[in-house]
Every structure is written in structure tokens, then in C-alpha cells.
Amino acid sequence: MKLICDFPSPKSLPDKYVLPPEKRPCNHELQGDLSVALPVIDLQGALGDGRRQVIGEIMEAGKEFGFFQAVNHGVGEDVIQGFREAAAEFFRMPAEAKLKHYSNEHNKHCRVFSGSVTSHTDTNDIRYWRDCLKLRCYPVDKLMHHWPSQPETFRERLAKYAVAVQELAQRLLRLIAEGLGLDSRFFEGDLTGGETMMNVNYYPRCPDPSLTLGIRPHSDRYILTVLSQGDVSGLQVKHKGRWIGVQPMHNAFVVNFGLQLEMVTDGVLTSVEHRVVTNSAKARMSVATLIRPNMGSRIGPAPVMVNGETNHRPKYRDFTGSELIEAYEATAGNREALLEMFRIHHAK
């Protein structure tokens, strides 16, 4: 069995998913103050007189948490739930139907894989507790023929979802641009012109959640991620050295800022580490949509972010989208290590 969801229900966690003690989730690392939670931002206000307030809330969330939950975002519940149902049905299909798409080739337009390795240099082959359907989802017309044809509703529902989430992401980026004092269209073009990536993450029930993780601690690499996490918790965000659980909200999207956005804003907005814990009671499925740059384009701090202050010198150098991917793989998504690769050390 190549996918965890096809395992016979194990009574104990298979050895290759047991993390070293220092990498396991620990209760003492959790934020004990239950009043600390991600901001919830009602986007409906951005359509009228409340636009400045919504922009201010997004900017504050970006500086403090690097995350927020978006409600009244304009994506229909039927679109969200329709695709989630089709994606869940994909993982319920017989093993042989799913394995037609199985591959460990990273450049494939659509592939299923399982149990990401904890380290590409570790010979022990220890893995995380996750199955994933990874595909390029936008532009729809260009990419749809690569998507699974089963279940029958999958392509139609993904097309509707991908278009709606892409539009939401662009609306959010226009609000962010305004909040930064940039032209509202600043993030259009090369900064978001790459093919949009989607990870449909499936975390089966885990025999012992204390010994493993679904996804390692990491920051997202690109400009913006829009996540539908469903009604089962598991996502945790690092805040002031401790992990806070992101409580599921019906029909909400979790929005997080990536490393590309942190560098384009020259550190004004922050990308934050997050991870996924497993649970023994319920399977969990999340749908992450990652807005990506044109891979050959030059990316760097927005001039107004640098020139807006007297004698301010940029913190980060220019880079290409391809360089960003290479650096991300080399650092395994470690925020500080990746930022250091692009940081400019000015002489004092």
C-alpha cells in the first residue's frame, strides 16, 4: 500500500512514521492562553465604506500573525463544499484508481504522493502522516486535462473552485497593496503570474498522534496561500514561540502570507511557521491554494517599501521564482534559513 489512506487500520504507528523525540509535538509548546487566536476578518466590509478598516485589519494580522481567517469572502458555500466532497471521494476510491496518479516526480502537473520524508539527507526514511494530491489548478483551461477524470464530478467542481479562489486571492492582494501604499494592481503580472498550485492534503486517523506530525513546521514559499481546512482541527501556527491551534470556522478560509511576500514588502509583513498535528478520532482534509510568481521573473522589495523611508536600504536582494524554489528545497522551508540566503548584509 503506497497511500496511508489505503492501510488496514493499524493498531500502532508504523515505525517509519515515528519521529525522533525532538521533532514530536509537545504539549508544553502549546499556547495556554485560549484568548490568543488568529484574527477573523469580515471581507464584506471591503466592498463599501468599511474598506479602510478591513485593509487595516489585514495589515495588522500580517504583521502580528502572518495569518488570518477570512469570512464573508464571496466564494459560495456550494462551490467550497462541492469541491471538498469531490476531493474526499477521490481519496475514498479504490487504491488502484488513485495509484494511476502516483508519482514522486516533483515537476508533474498532477500527482499523488504519500508520507513526505522528514529529511532528504536522512537515510532512515522517516515520514510524515499525510497523503497528498498535488496539482496545478489555474489557469483552468490550460491545466484541466491534467486533472483526475474520476470521480466524475472532480474536474467540473475543481474548475469552479479554482476560479473562485483565484479571484479571492487577487482581491486580497489588491487590499494588501493598498495597505502598503502601493498601486492596487501592484501584485498583478509576474509577481502572481505563475501557474497556481493546489495541495489537497489528506490526514487519515492516526494510531498515536503524539509520535508524528502531518506536516513539518515550515513557512510557505510563495506570496499567498488560501486554505480551506474543513471542520476538523489540526493546523497550528507559531506565535511568540508557542503553537496556537487554528479553530475551524464554517465556510471560512485561512489566509497566510508566504516568504515571497515578506521579501517583497521588505519585512513589513511576515511569513510565519506552521505545522499540522494528527488525531486519532477523525480523518482531516485541507485544500491549500498557493499563488505563485512567474518563475523567470525578477522579484525583490517593492521600491516604495525601500525608498519610502530616508536612507532606508533594502533587507533583501532580488531573485527569480526559480531561485526561490531552489532555496526553499535546500532549507526545507525553514523561514530563517531561507531569508538569510536572500538577506543583504550592509556594511555599518
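Model, not experiment: these values are computed from the prediction.
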Practice item. For the pair Glu262 and Leu269, evaluate side-chain contact (heavy atoms from CB on, under 4.5 Å) and give the outcome as yes or no after the intermediate values. Key: CA-CA 5 Å; Glu262 178 162 355; Leu269 299 176; 6.0 Å; no
Review point. Would you say the side chain of Glu273 lies within less than 4.5 Å of the side chain of Arg275, judging by non-hydrogen atoms?
Key: no
Exercise for review: Working to the nearest 0.5 Å, report the span between CD1 of Ile291 and CD1 of Ile223.
Suggested key: 9.5 Å
**Study point:** Salt-bridge criterion met for Lys108 and Glu105 (N-O under 4.0 Å)
**Key:** no
Practice item. Report yes if the side chains of Tyr316 and Asp266 come closer than 4.5 Å at any heavy-atom pair, otherwise no. Key: yes
Exercise for review: For the pair Asn201 and Met285, evaluate side-chain contact (heavy atoms from CB on, under 4.5 Å) and give the outcome as yes or no after the intermediate values.
Suggested key: CA-CA 5 Å; Asn201 302 304; Met285 188 184 73; over 6 Å; no
Exercise for review: Could you check Lys160 against Glu156 for salt bridge (charged side-chain N to carboxylate O under 4.0 Å, His left out), going step by step and ending with a plain yes or no?
Suggested key: CA-CA 7 Å; Lys160 290 179 180 177; Glu156 175 191 354; 3.6 Å; yes
Point to revise | Test item: Val264 and Leu191 side chains (from C-beta on) under 4.5 Å apart, heavy atoms | key: yes
Practice item. Write down the atom of Pro20, the atom of Ile126, and the distance for their closest heavy-atom approach. Key: CD-CD1, 4.2 Å
Point to revise | Pair Arg284, Gln229: side-chain N/O donor-acceptor within cut-off below 3.5 Å | key: yes
**Study point:** Test item: Thr212 side-chain N/O and Tyr17 main-chain N/O as donor-acceptor pair under 3.5 Å
**Key:** yes
Review point. Under 3.5 Å, side chain of Arg216 to main-chain N/O of Ala332, donor-acceptor pair present?
Key: yes
Review point. Do Gln53 and Glu57 have side-chain N/O donor and acceptor atoms under 3.5 Å apart?
Key: yes
Study note, to complete from the structure: Closest non-hydrogen atoms of Ala61 and Phe68, given as atom of the first, atom of the second and distance, are CB-CB, 3.9 Å
Check your understanding: Under 4.5 Å between any side-chain heavy atoms of Met295 and Ile325, yes or no?
Key -> yes
Point to revise | Single-linkage hydrophobic cluster Tyr102~Met198, side-chain heavy atoms < 4.5 angstrom | key: yes
Practice item. Output yes when Arg317 and Glu323 qualify as a salt bridge under the 4.0 Å nitrogen-oxygen rule, no when they do not. Key: yes
Point to revise | Flag, side chain of His146 to backbone of Arg111, donor-acceptor distance under 3.5 Å | key: no
Exercise for review: Taking Tyr328 for its side chain and Ser219 for its backbone only, find out whether a donor-acceptor pair lies under 3.5 Å.
Suggested key: yes
Review point. Without hydrogens or angle criteria, can the side chains of Ser149 and Arg155 be said to hold a donor-acceptor pair below 3.5 Å?
Key: no
Practice item. Would you name the heavy atoms of Pro151 and Ala86 that are closest together and state the gap between them? Key: CG-O, 3.5 Å
Exercise for review: Determine whether Met249 and Leu43 fall in the same hydrophobic cluster, where Ile, Leu, Val, Met, Phe, Trp and Tyr are linked whenever their side-chain heavy atoms lie under 4.5 Å apart.
Suggested key: no
**Study point:** Side chain Trp129, main chain Val18, donor-acceptor under 3.5 Å
**Key:** no
Check your understanding: If Ile, Leu, Val, Met, Phe, Trp and Tyr residues are connected whenever their side-chain heavy atoms lie under 4.5 Å apart, and connections chain through other members, are Leu47 and Leu175 in the same group?
Key -> no
Exercise for review: Count the heavy atoms belonging to other residues, nucleotides or ligands that lie under 6.0 Å from CG of Asn251, then report whether that count exceeds 12.
Suggested key: yes
Exercise for review: Please confirm whether the backbone N or O of Val71 pairs with a side-chain atom of His73, one donor and one acceptor, at under 3.5 Å?
Suggested key: no
Point to revise | Val232 and Lys282, any side-chain heavy atoms less than 4.5 Å apart | key: yes
Check your understanding: What do the steps show when you test Arg84 against Ser228 for side chain to side chain donor-acceptor pair (under 3.5 Å), and what is the final call?
Key -> CA-CA 9 Å; Arg84 289 187 61 88; Ser228 166; 3.0 Å; yes
Exercise for review: For the pair Phe319 and Phe342, name the ring-plane relationship: parallel under 30°, tilted 30 to 60°, perpendicular over 60°.
Suggested key: tilted
**Study point:** Least distance between heavy atoms, Leu180 atom then Met59 atom
**Key:** CD2-CE, 3.4 Å
Exercise for review: Determine whether His109 and Leu143 make a side-chain contact, defined as any pair of heavy atoms from C-beta on separated by less than 4.5 Å.
Suggested key: yes
**Study point:** Heavy atoms from other residues, nucleotides or ligands near CD of Glu340 exceed 12 (cutoff 6.0 Å)
**Key:** yes
Exercise for review: Assess whether salt bridge (charged side-chain N to carboxylate O under 4.0 Å, His left out) is satisfied between Arg185 and Glu188, documenting all intermediate values.
Suggested key: CA-CA 5 Å; Arg185 299 182 300 276; Glu188 296 176 13; 5.1 Å; no
Review point. Stepwise, does the side-chain contact (heavy atoms from CB on, under 4.5 Å) test hold for Val255 with Gln69?
Key: CA-CA 6 Å; Val255 179; Gln69 297 216 58; over 6 Å; no
Check your understanding: So, His274 versus Asp220: side-chain donor-acceptor pair below 3.5 Å or not?
Key -> yes
Check your understanding: Do Glu77 and His250 have side-chain atoms, one donor and one acceptor, less than 3.5 Å apart?
Key -> yes
Exercise for review: Using atom types as modelled and distance alone, determine if a side-chain donor or acceptor of Thr192 lies under 3.5 Å from a backbone N or O of Phe187.
Suggested key: yes
Exercise for review: Inspect the contact between Asp131 and Lys98 and indicate whether a charged nitrogen and a carboxylate oxygen are less than 4.0 angstrom apart.
Suggested key: no
Exercise for review: For the residue pair Gln166 and Thr196, confirm or rule out a side-chain donor-acceptor distance under 3.5 Å.
Suggested key: yes
Check your understanding: Which class fits the ring pair Phe154 and Phe83: parallel under 30°, tilted 30 to 60°, perpendicular over 60°?
Key -> perpendicular
Exercise for review: May I ask you to say whether Glu167 pairs ionically with Arg171, meaning some side-chain N is under 4.0 Å from a carboxylate O?
Suggested key: no
**Study point:** CA sep, side-chain torsions, deciding dist, call: Ser184, Leu173, side-chain contact (heavy atoms from CB on, under 4.5 Å)
**Key:** CA-CA 8 Å; Ser184 63; Leu173 287 166; over 6 Å; no
Exercise for review: Taking the side chain as every heavy atom from C-beta outward, state whether His345 and Lys315 have any atom pair closer than 4.5 Å.
Suggested key: no
Practice item. Treating Ile, Leu, Val, Met, Phe, Trp and Tyr as nodes and any side-chain heavy-atom pair under 4.5 angstrom as an edge, say whether Met197 and Phe257 lie in one connected cluster. Key: yes
Check your understanding: Hey, does Phe186 have a side-chain heavy atom less than 4.5 Å from the side chain of Glu178?
Key -> no
Review point. Can Leu259 be reached from Val268 by stepping across I, L, V, M, F, W or Y side chains whose heavy atoms are under 4.5 Å apart?
Key: yes
Check your understanding: Less than 4.0 Å between a side-chain N and a carboxylate O, is that true for Arg221 and Glu329?
Key -> yes
